[in-house]
Every structure is written in structure tokens, then in C-alpha cells.
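What follows is one structure encoded as C-alpha cells, with my remarks underneath.
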Amino acid sequence: MDIVLVAFFAMFVLISSAGLLVFHRKAMLDRLSAAVAAKSPTKDSVRRFLEFRSKTSVEKIVGPFERVLPKSPEEVSVIQKRLLRAGYRRRSDLNIFYGSKVLTPLVLIVLATVTGAYHYGPLFVYGIAGGLGFLLPDFWLGKLIAARQLNIRLGLPEALDLFVVCVEAGLGVDQAMLRVADELRLSQPAISREFRMVNLEQRAGRPRAEAWKNLAERTGVDSVRALVNAVNQADSFGTSVSKILRVYSDTLRMQRRQQAEEEAAKTTVKLVFPLVLFIFPALFVVVLGPSAIVMMEAFEKHLSN
């Protein structure tokens with residue numbers, strides 16, 4: 001009797017387990033797939049985290065030095081505008097910039113002391129190290145601004161083409177701008193960020209014309225400023241934005257082609273100095289060298305006779 005009860009209980013457990021596996025199989029598979037395919041941090045989130053950590057660490061190192069440097073409100077506004085054009089919008093970026101203008105001369109002075117370069121003239125070497133270190137952050141920021149403006153200038157026709165496609169597909173100007181920003185997030189990150197900033201300003205309550213003017217001021221690119229004027233005029237007069245954008249995109253491409261032709265035409269003049277300084281002397285040596293050697297040998301024989 002006990003064996004029958006144990007066998008019945010075992011059969012009941014097996015049948016219940018089979019039923020649970022059959023009826024709850026989908027839920028189990030969903031839980032397993034969710035556990036296996038759990039979303040790991042994306043590359044963008046990792047990159048942003050690393051950038052945030054690096055900026056915070058740099059700010060902790062350089063931040064105390066920025067209090068040493070005296071600065072006026074006018075100078076701060078100019079530096080903030082330059083940082084905006086370089087793509088830096090945080091308050092910590094301004095502190096890092098001013099701290100680097102103090103820390104870089106100190107580092108160069110320490111290097112001049114450690115390497116013994118001050119033996120060539122302490123006043124001269126330390127003066128050059130201090131002045132160069134004070135100006136290096138400005139040069140570095142200028143290089144960043146020029147590189148970012150070049151990227152915006154080169155990527156603007158592509159952005160305008162996508163803009164035209166989105167507007168002609170039925171999207172509004174604001175929705176089209178946001179879609180273009182999403183599409184160009186990887187290929188043109190500078191334009192994508194600026195378009196997102198325009199969209200955020202409009203959501204915050206600023207008029208569209210003012211938000212577009214702020215875009216022109218942040219970038220400092222002439223083509224963007226002309227685009228802003230064209231879009232604002234289209235809004236004022238009620239003309240088609242897609243036609244204006246298409247015409248302006250073709251105009252930008254024609255300007256780039258003309259600039260390329262202009263640079264190609266300048267190469268003939270720019271090649272004169274390398275030819276005169278490096279190639280012509282080598283040609284003279286190759287062509288006239290053997291003749292000069294023969295003439296010297298002939299003169300030596302004549303003098304010896």
C-alpha cells in the first residue's frame with residue numbers, strides 16, 4: 001500500500017511539473033531571454049560616462065588654479081562664446097580653460113628647470129615659457145573652433161538635403177530638424193547637436209527666429225548665418241521652406257566646387273618655392289655636376305703640364 005501511495009505521489013509530481021513546463025513555457029522563455037539579452041550600456045553611454053569622469057577629474061586638478069587669474073565680465077563673455085563655438089557648453093569648461101592658462105605656464109617653467117634649459121638665460125627662458133604657456137590654451141581653442149566650423153561647413157549640404165526630404169514628406173520644420181539631428185548623430189555630430197539645441201530652445205519657449213539666430217551665433221559660420229536669414233525670411237513672407245533649402249543646398253555645393261577650383265589654381269604659385277629651394281638645386285647638381293668634374297680634371301691636367 002505504501003509503494004502504491006509513493007508511486008501515485010511521484011506520478012502526480014511528474015504530471016504537475018510537465019503541466020507547469022507546458023503552460024508556463026512561454027513565460028519562462030521570456031524571462032530567460034530577458035536575462036540573457038539584458039541591455040548592456042551602449043557605446044554612447046560609456047563614452048559619455050568616460051567623458052564625464054575625465055572632465056570631473058580634470059576640473060578637480062585645474063579648477064583651483066582658475067581663481068588665481070583675474071578676469072572681467074567682458075572677457076568671460078568672449079571666452080564663453082568661443083567655447084560655445086568649439087562645442088563646450090558647461091560651466092566647468094570655462095573653469096578648466098582659465099585653470100589651464102595658469103597651470104600650463106607653471107608646467108613649462110618646471111620643465112625648463114628640470115631639463116636645465118634655463119642655463120641659456122634664465123630671464124629669457126622663463127619669460128618664453130610663461131608667455132607661451134599663457135597663450136597655448138587660446139591657440140588650442142582656436143584650432144578646435146576652426147576644425148568644428150570646417151566640419152559644419154562641409155556637412156551642411158548633407159543636412160539640408162535631409163531637411164528638404166523630411167519637409168517634402170510632410171513634416172514640419174521643427175519635426176524635420178529633430179529627425180535630421182537623429183539621422184546625423186554619427187556622421188555629423190556637430191550639426192546634430194546644434195539642431196537639437198535649437199529644438200530645445202524652442203521647447204523652452206523661445207521664438208523660432210530667435211532660436212535660429214542663436215544657432216548662427218553659436219557656430220560662427222557664414223553659411224549657417226545665411227541659412228538662418230533665409231529660413232527666417234521664408235517664415236516671415238510665407239514662402240516654401242523646402243524650395244529655399246533646396247536652392248541654398250545647391251548654392252553651397254557650387255561654392256564648394258568653386259573653392260576647390262580656386263585652391264587648385266593656387267597650387268601653381270605655391271609650387272614655385274619648393275621648386276626653387278629643393279628641386280632646382282638637385283637638378284643643377286645632377287645635370288651640371290659631371291660637367292663640372294670633367295672641367296676640373298681638365299684644368300688640373302692643363303696646370304700640371
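For reference, positions follow the sequence shown, starting with 1. On a predicted model such as this, the values are computed, not experimentally measured, just so you know.
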Within the distance-only criterion (no hydrogens, no angle test), does the side chain of [X] pair as donor or acceptor with the backbone N or O of [Y] below 3.5 angstrom?
{"X": "T113", "Y": "I109", "result": "yes"}
{"X": "Y248", "Y": "V231", "result": "no"}
{"X": "N232", "Y": "N229", "result": "no"}
{"X": "Q149", "Y": "T219", "result": "yes"}
{"X": "N151", "Y": "A147", "result": "yes"}

If you round to the nearest 0.5 Å, how far is [atom2] of [Y] from [atom1] of [X]?
{"X": "L271", "Y": "K266", "atom1": "CG", "atom2": "NZ", "value": "14.0 Å"}
{"X": "L288", "Y": "I293", "atom1": "CG", "atom2": "CD1", "value": "11.0 Å"}
{"X": "E158", "Y": "L252", "atom1": "CD", "atom2": "CG", "value": "13.0 Å"}
{"X": "D182", "Y": "S192", "atom1": "CG", "atom2": "OG", "value": "7.0 Å"}
{"X": "L162", "Y": "F195", "atom1": "CG", "atom2": "CZ", "value": "9.5 Å"}
{"X": "N214", "Y": "E201", "atom1": "CG", "atom2": "CD", "value": "4.5 Å"}

For a side chain to side chain contact (heavy atoms under 4.5 Å, CB included) with L84, tell me which candidate from R89, E217, M197 qualifies. R89
Heavy atoms only: give me the nearest [X]-[Y] pair and the separation to one decimal.
{"X": "L108", "Y": "A129", "result": "CD1-O, 3.5 Å"}
{"X": "T104", "Y": "S100", "result": "OG1-O, 2.6 Å"}
{"X": "A181", "Y": "R196", "result": "CB-CG, 3.7 Å"}
{"X": "R179", "Y": "C166", "result": "CG-SG, 3.9 Å"}
{"X": "P137", "Y": "F97", "result": "O-CE1, 3.6 Å"}
{"X": "I152", "Y": "A190", "result": "CG1-CB, 3.9 Å"}

Are [Y] and [X] linked, directly or through intermediate hydrophobic residues, by side-chain heavy-atom contacts shorter than 4.5 Å (ILVMFWY only)?
{"X": "L200", "Y": "L215", "value": "no"}
{"X": "V247", "Y": "W212", "value": "no"}
{"X": "L227", "Y": "V221", "value": "yes"}
{"X": "I145", "Y": "W140", "value": "yes"}
{"X": "L83", "Y": "V78", "value": "no"}

Walk me through it: do D161 and V165 pass the test side chain to side chain contact (heavy atoms under 4.5 Å, CB included)? CA-CA 6 Å; D161 290 339; V165 171; 5.7 Å; no
Side chain to side chain contact (heavy atoms under 4.5 Å, CB included) evaluation trace for V180 with L160: CA-CA 9 Å; V180 170; L160 292 181; over 6 Å; no
For I279, give me all partners under side-chain contact (heavy atoms from CB on, under 4.5 Å), at least two apart in sequence or on another chain. L275, L283
Side-chain heavy atoms of [X] within contact of [Y], under 4.5 Å:
{"X": "T267", "Y": "E263", "result": "no"}
{"X": "R256", "Y": "P157", "result": "yes"}
{"X": "F163", "Y": "V173", "result": "yes"}

If you count heavy atoms of other groups shown closer than 6.0 angstrom to [atom1] of [X], is the number above 12?
{"X": "L277", "atom1": "CG", "value": "yes"}
{"X": "R246", "atom1": "CZ", "value": "no"}
{"X": "R218", "atom1": "CZ", "value": "yes"}

Assess the residue pair L94 and Y88 against the criterion (side chain to side chain contact (heavy atoms under 4.5 Å, CB included)); give the C-alpha distance rounded to whole Å, side-chain angles, the decisive distance to 0.1 Å, and a yes or no. CA-CA 9 Å; L94 182 65; Y88 298 100; over 6 Å; no
Inspect the contact between [Y] and [X] and indicate whether a charged nitrogen and a carboxylate oxygen are less than 4.0 angstrom apart.
{"X": "D138", "Y": "K101", "answer": "yes"}
{"X": "D174", "Y": "R203", "answer": "no"}
{"X": "E261", "Y": "R257", "answer": "no"}
{"X": "R225", "Y": "D222", "answer": "yes"}
{"X": "K243", "Y": "E168", "answer": "no"}

What's the verdict on salt bridge (charged side-chain N to carboxylate O under 4.0 Å, His left out) for R85 and E194, showing C-alpha distance, side-chain angles and the deciding distance? CA-CA 10 Å; R85 291 183 177 179; E194 294 299 335; over 6 Å; no
Decide side chain to side chain contact (heavy atoms under 4.5 Å, CB included) for V76 and Y98; before the verdict, give the C-alpha distance in whole Å, the side-chain angles of both, and the deciding distance to 0.1 Å. CA-CA 10 Å; V76 170; Y98 276 108; 3.9 Å; yes
